[in-house]
Structure formats: structure tokens, C-alpha cells
2 protein chains.
Amino acid sequence: MTSSAADEKAQRYQIGEVAERTGVTQRTLRFYEEKGLLNPPERMEGGFRLYSQEDIQRIQYIRQLQQLLGFTLADIKEMVEAEELRQQIIATFRPDRELPARLERTDRIIDALTRQLEVVDDKVEHLQTMQEDLRAKLARMDVRKKELQASLTSQGAGGAAPEAKGKKK
Amino acid sequence: MTSSAADEKAQRYQIGEVAERTGVTQRTLRFYEEKGLLNPPERMEGGFRLYSQEDIQRIQYIRQLQQLLGFTLADIKEMVEAEELRQQIIATFRPDRELPARLERTDRIIDALTRQLEVVDDKVEHLQTMQEDLRAKLARMDVRKKELQASLTSQGAGGAAPEAKGKKK
DNA sequence: TCAAACTCTACCGTATACGTCAGGGACTGT
DNA sequence: ACAGTCCCTGACGTATACGGTAGAGTTTGA
């Protein structure tokens, strides 16, 4: 009854809990805020930060971009800004005024998403090549290992296992 | 006649050319050498570095690990060491002496390769999720865009295009 | 043999992305 | 109202991965 009924389920978390949940340090959270990657969260009376659920999601998004894609925080800043714009547009209950402006923003977001997708596609492609490479190498090493083991099993006798190349041409 | 006949085709490149070919700076090449990522190349009489074709491949391999996988140079050092060991083992004309030692080294390499593959697999998986995410978002934005364009096409007339939701539910 | 181009080592500088205090408040349960 | 815990803002420190420059030596073509 003290606050508006709509806020009732709006969970807020202090920085310590956010740090635990997301796996990033408090220092890093403040750092991201300082750098504009996170928009300033609410505060309690005394100044304690209060993060929302969306803030937490955004933090995880940032980490993904960083670790999976290897983007710099500067790159990421652009991306989260585009993402924010995207969410705003989606959430907007279509005022249907200023259509050209809305269209333009939509284009900007499509651009950003397209660029991200290109990077991801490229990375996936390269990684899959690498994956195959590694698998092939591993297979070869496994063969090698079995050959060695076979040689060992047939004991250290002088010329017990002279030929193991049954497949080579 | 001055050098052994076998060396005839062994191309060597000075640091400048290597830098151009690989796209990394001379400074970085020396840096990698200093850090043990590249083993010291040959030198000319006066001390100029002479890189081999394998050196160049290794440099490209390092860059891949760095940019695609986001490994630190420390990680990469381990990996290139394992890779080197692998090549040595593969290249060795099986002296068939000290089999246990060879088997152990083989195991070490298999370990390294397995770890790399795990990282790559993991990364590919996450990236594919991201890929689908981005594609879905893009699709939604495209729909949005077409809606907006439709609204525009039907001119800015007051209530010309009030309902565009023909697909929703 | 000489100049232009290239390379050498050594050392200091820089950008990124945080870590680590210090000194001082804020919040919570009892 | 007070201990214990949590959080605040600077300010300085650190690891990584190089960049830049100086001052000197090396190579190579004419």
C-alpha cells in the first residue's frame, strides 16, 4: 500500500548480490557504469546502487560479447546502445507519430544487428574449421598412441613390431 | 655448391617481409620471440633475423588463437609448445627406442589438443546460440520495418493504417 | 666505397580492463 | 543505539600486449 501497486514485483539487487550472480566484481560493475556500458542504476536513500533484473541481463550480455566475441568495451558500448534502442522501439506502444524517425531508428538497429551477425558468422566459420583441424589431429594422435601401445604390449623385444603401417597407401 | 644441396629451396624472409605477409608488426614479432612464442629464428652474419616458412605459419597460428579464441599469449605459449612437440613426434622417423617416453609425450599432446577442442566446442556452441538470437532479432526488426514502411506508403493520412497486425495470434 | 634502406637492442610510453586499498558513510538486527 | 556488515568515492597500482624512438650496426645496389 505504500508504493504503487505496479512496482510490487520489481525486484532490486544491491551490488554485492549482482556481483555474485553475474560473476563480475563490484569494481567491474562500477567501472562499466563509469564507462557508459551500464546506465546508472537506481540508488537507495544513502546512495547504495539498486540493480534491476534487466541490468543483470545486460551485464551478462556484455560479458558474452567480451568473452565470446572478443570485442573491446568500446565496441560493446555501441552494441548495448543499439540493443537498448531496439528494446525501446519494441516496447513502445507504437505512438504512430513521426513514422520516418521510427523507420530511421529501425534501420540503425538493423544495421547494428547485421554487423554483429556478420562478425559472429565469420567467427563461427573460422572456429568450425579449427574444430575440424583439431579433431583430425586428435584422431591422428590417437592412432599414433595405439601404435605405440601395441609396440609396448608386444614387449620390448628387439624387432617385435617393426611394421605398423597397414594403412599408408 | 657452397651450401648443402638439400638447403637449396629453403626460403628465408627478413623481418620486414614477414611483417608484411602476416600483418603483424616487426615489434610484435620480436615481442613474440622474447616471450617464447616463437623460437629464435636463424640470423644472418650481421644479426638480421631470417624466418622460415614454418615460422610464418606459426605466426598465423598464434594470431588465430588470439583473435578467434581470445586466448592470452601465456595460454598460446603452452599451445604452440604442444603443437611443436606434435610436429616433432609426427616428423620423427620412429627411432622405436624409449617407447614409454614417446607414449608419454603423445599423451601430453593429446591432452593439449583435447583441451583446445573443448574450448573451441564450447565457443562454437555459445556462438551458435548467439547467431540464432541475432537472426531472430533481425527477423523481428525486418517485420517491424515493413510495417512501418506500409504505414508510410499508405501516406500520412490520419487513420489510414490503424491495424497492421495480421499475423499476431 | 658509399648512400639508401633495412635491421639491431634497449628503453620508455600507452591503451585496455580492471585490482586494491583508504577513509568514510549506510543499513540491519538486536 | 550500536556492532557487524555492506557500500560509497577517489586515487593509485597492475597485467597484458604491444607502440615509438634513439642510436648504432648491416646489407645491397650502383
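Quick note on labels: first sequence line is chain A, next is B, and so on, each numbered from 1. This one's a predicted model, so the numbers in the text were calculated from it and none came from an experiment.
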(request) Write down the distance between CD1 (B:I76) and C1' (D:dC18), rounded to a whole number of angstrom. (result) 13 Å
(request) State, to the nearest 10°, the angle formed by the axis through the first five base pairs of the helix from C:dT1-D:dA30 to C:dT30-D:dA1 and the axis through its last five. (result) 20°
(request) State which residue, out of B:L69, B:L127, B:V124, fulfils the side chain to side chain contact (heavy atoms under 4.5 Å, CB included) condition with A:K123. (result) B:L127
(request) Would you kindly give the CD1-to-P distance between B:I62 and D:dA17, to the nearest whole Å? (result) 12 Å
(request) Specify the separation, in whole Å, of atom CG of A:L29 and atom P of C:dG19. (result) 10 Å
(message) Nearest to the side chain of A:R43, heavy atoms from C-beta on, is which of D:dT9, C:dA17, C:dT7?
(response) D:dT9
(message) Pick the closest DNA chain C nucleotide for B:E17 and for B:R27 by heavy atoms, then say which residue is nearer the 5' end.
(response) B:E17
(message) Is B:Y32 close enough to D:dC18 that one of its side-chain N or O atoms is under 4.0 Å from OP1 or OP2 there?
(response) yes
(request) Side-chain contact test, heavy atoms from C-beta onward, threshold under 4.5 Å: evaluate it for B:K35 versus B:K77 and give yes or no. (result) no
(message) Side-chain N or O of B:T25 versus OP1/OP2 of D:dG19: is the shortest distance under 4.0 Å?
(response) yes
(message) Whole angstroms only, please: what is the NZ-C1' distance between A:K35 and C:dC18?
(response) 10 Å
(request) Taking all heavy atoms of A:H126 and all of B:Q64, pick out the closest pair and write down the distance. (result) ND1-NE2, 4.1 Å
(message) When you measure from the side-chain N and O atoms of B:R49 to the phosphate of D:dT26, is any distance below 4.0 Å, counting only OP1 and OP2?
(response) no
(message) Testing the 3.5 Å rule here: is there a donor-acceptor pair between the side chains of B:Y51 and B:Q14?
(response) no
(message) Given C:dA17, D:dC18, C:dC8, identify the nucleotide with an atom nearest to the side chain of A:Q66.
(response) C:dA17
(message) Between B:D111 and B:T114, do the side chains contain a donor N or O and an acceptor N or O under 3.5 Å apart?
(response) no
(message) Rounded to whole Å, how long is the line connecting atom CG of B:L73 with atom P of D:dT16?
(response) 9 Å
(request) State, without any angle test, whether A:E33 and A:N39 hold a side-chain donor-acceptor pair at a distance under 3.5 Å. (result) no
(message) If I take atom CZ in residue B:R30 and atom C1' in nucleotide C:dA10, what distance separates them, rounded to the nearest angstrom?
(response) 11 Å
(message) Expressed as a whole number of angstroms, how long is the span from B:E20:CD to C:dA5:P?
(response) 15 Å
(message) Any heavy-atom pair between the side chains of A:E83 and A:Y61 that's under 4.5 Å?
(response) yes
(message) Is any side-chain heavy atom of B:R63 closer than 4.5 Å to one of B:T22?
(response) no
(request) Give a yes/no answer on whether the side chain of B:T28 brings an N or O atom under 4.0 Å of OP1 or OP2 in D:dG19. (result) yes
(request) May I ask you to test the A:I62-A:L38 pair for a side-chain heavy-atom distance under 4.5 Å? (result) yes
(message) Expressed as a whole number of angstroms, how long is the span from B:E33:CD to D:dC18:P?
(response) 15 Å
(message) What I want to find out is whether A:E17 reaches A:R21 closely enough, with some N-O distance under 4.0 Å, to be called a salt bridge.
(response) yes
Expected rows: protein N/O vs nucleotides 26-30 of chain C N/O, under 3.5 Å:
| residue | atom | partner | partner atom | Å |
| --- | --- | --- | --- | --- |
| C:dC27 | OP1 | A:G46 | N | 3.0 |

